[in-house]
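As the structure is a prediction and not an experimental result, all values here were calculated from the model.
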Amino acid sequence: MTELQGSTELKPMGVGDIFDATFKLYKARFGTFLMIALVAYLPYSLIAALFMSQVEVSATTQAKPSVTDMFVSMIPLMLVLFIVLPLCQAAMIYSVSETYLGRRIGVGEAYSRALSKLPRLLGANILAGIVIFIGFICLIVPGIIFSLWFILVTAVVLLEGSGATGSLGRSKALMAGNLGKGFLVLLVIALLGIVVGMVMGMIMRFLPIKNAFVVQFISTMAEVIVVPIQVAPVILLYYDLRIRKEGFDLEQLAASLQLDEPEKAGVAQ
């Protein structure tokens, strides 16, 4: 048994239970979650702040940068947005998952696991994004439904090792009959993000800082607080649905009993 077991329990959860467990996990592993987020958000904040400050200078001096200059300046930001931040999300998912299952995982191991799955993860996210985009173009409602179907794609790729196409079908199967629950989870996540953003906005107003670079850097860095709250509820939803549909809690109990057998045999001897 690890010290984290008992902070959460493997059982079916309502939306309220999911967020209650989220904050328990957040409290239990705050330092690790914070470090995982900082690894990605520190360079992201620096690059975003530098880019925004350049845009502001161009606006004040009325100097129009060339298309080539704009493209070159955006490359680092795009690399961070489409590679570094998904890598951070994947590392956070591993950390949240292991914490929920009563195990510990360090920052380095979380990123090492995430890096090994990154190509497959990016492929799955791109495929899901294309399907969702088509759904929104055709009619708004299919786009919303597709978005809810594929909430768990990232979790499936990372925690089950599914491929890009298989992860979409697997996520859809788990979400079947639970779209309303998925919508509520996403809604609460969005509301929490808005509240944190409003609080940070109020704090920034009272800080005597006028420099665009510093303001943008602090604003972006503040997102590290929200990342675990955005990731954990979706992972807990994933486990909730596996418990309800597949008896995942019984599988884990059986596995733990099997692990205890050798210890009992050793004591008997």
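- In terms of heavy-atom proximity, Val157 sits nearest to Ala124 at CG2-CB, 3.7 Å.
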Under 3.5 Å, which donor-acceptor pairs do the side chains of residues 132-143 form with other protein atoms, sequence neighbours left out?
none

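- Atom CZ of residue Arg29 and atom CD of residue Glu98 lie 10.0 Å apart, to the nearest 0.5 angstrom.
- Sorted by first and then second residue, the side chain to side chain donor-acceptor pair (under 3.5 Å) pairs involving residues 172-193 (not counting sequence neighbours) are Lys181-Asp240.
- Contact annotation: the side chain of Ile235 never approaches that of Tyr100 to less than 4.5 Å [non-hydrogen atoms, C-beta and beyond].
- A distance of 9.0 Å separates CD1 in Ile105 from OG in Ser112, rounded to the nearest 0.5 Å.
- Applying the salt bridge (charged side-chain N to carboxylate O under 4.0 Å, His left out) rule to pairs touching residues 211-229 yields nothing, sequence neighbours excluded.
- Residues Leu237 and Met175 are in side-chain contact: their nearest non-hydrogen atoms beyond the backbone lie under 4.5 Å apart.
- Interatomic distance, Ile47 CD1 to Leu42 CG, rounded to the nearest 0.5 Å: 10.0 Å.
- Counting only distance, with no hydrogens or angles, the side chain of Ser162 and the backbone of Ser167 share no donor-acceptor pair below 3.5 Å.
- Using a 4.5 Å heavy-atom threshold, the side chains of Glu160 and Arg242 count as touching.
- A side-chain donor-acceptor contact under 3.5 Å links Tyr239 and Ser97.
- For the atom pair OH (Tyr238) and CZ (Arg170), the distance works out to 6.0 Å, reported to the nearest 0.5 Å.
- With contacts defined as side-chain heavy-atom distances shorter than 4.5 Å, the pair Ile189/Ile229 does not qualify.
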Check: residues 84-95 side-chain donor-acceptor pairs under 3.5 Å, at least two apart:
unit_1	atom_1	unit_2	atom_2	d
Tyr94	OH	Lys117	NZ	3.4
Tyr94	OH	Leu158	O	3.0

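- At a threshold of 4.5 Å between non-hydrogen side-chain atoms, the residues Tyr41 and Ile36 do not count as touching.
- In this structure Leu34 satisfies the side chain to side chain contact (heavy atoms under 4.5 Å, CB included) test together with Phe30, Leu38, Val224, sequence neighbours excluded.
- Contact check for Val185 versus Leu236: no side-chain heavy atoms found under the 4.5 Å cut-off.
- Under the 4.5 Å side-chain heavy-atom criterion for grouping Ile, Leu, Val, Met, Phe, Trp and Tyr, Met202 is not connected to Met221 through any hydrophobic cluster.
- Atom CD1 in Ile151 sits 7.5 Å away from atom CG in Leu179 (nearest 0.5 Å).
- The structure places CZ of Phe19 at 11.0 Å from CE of Met13, a figure rounded to the nearest 0.5 Å.
- Here the closest heavy-atom approach between residue Ala222 and residue Met200 is recorded as CB-CE, 3.5 Å.
- Following chains of ILVMFWY side-chain contacts shorter than 4.5 Å, one can reach Val226 starting from Leu191, so the two form part of one hydrophobic cluster.
- Side-chain atoms of Asp20 do not come within 3.5 Å of backbone N or O of Asp17 as any donor-acceptor pair.
- The number of heavy-atom neighbours closer than 6.0 Å to OH of Tyr26, taken from other residues, nucleotides and ligands shown, is above 12.
- For residues 120-149, every residue pair satisfying the side chain to side chain donor-acceptor pair (under 3.5 Å) rule, not counting sequence neighbours, is listed here: Asn125-Thr154.
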Give the C-alpha distance, both sets of side-chain angles, the deciding distance and a yes or no for side chain to side chain contact (heavy atoms under 4.5 Å, CB included) between Leu168 and Val156. CA-CA 9 Å; Leu168 269 64; Val156 169; over 6 Å; no

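- Cluster annotation: Ile126 is not connected to Val153 through the hydrophobic network of ILVMFWY side chains, with a link wherever side-chain heavy atoms come within less than 4.5 Å.
- Side-chain contact check for Leu241 versus Phe248: every heavy-atom pair is 4.5 Å or farther apart.
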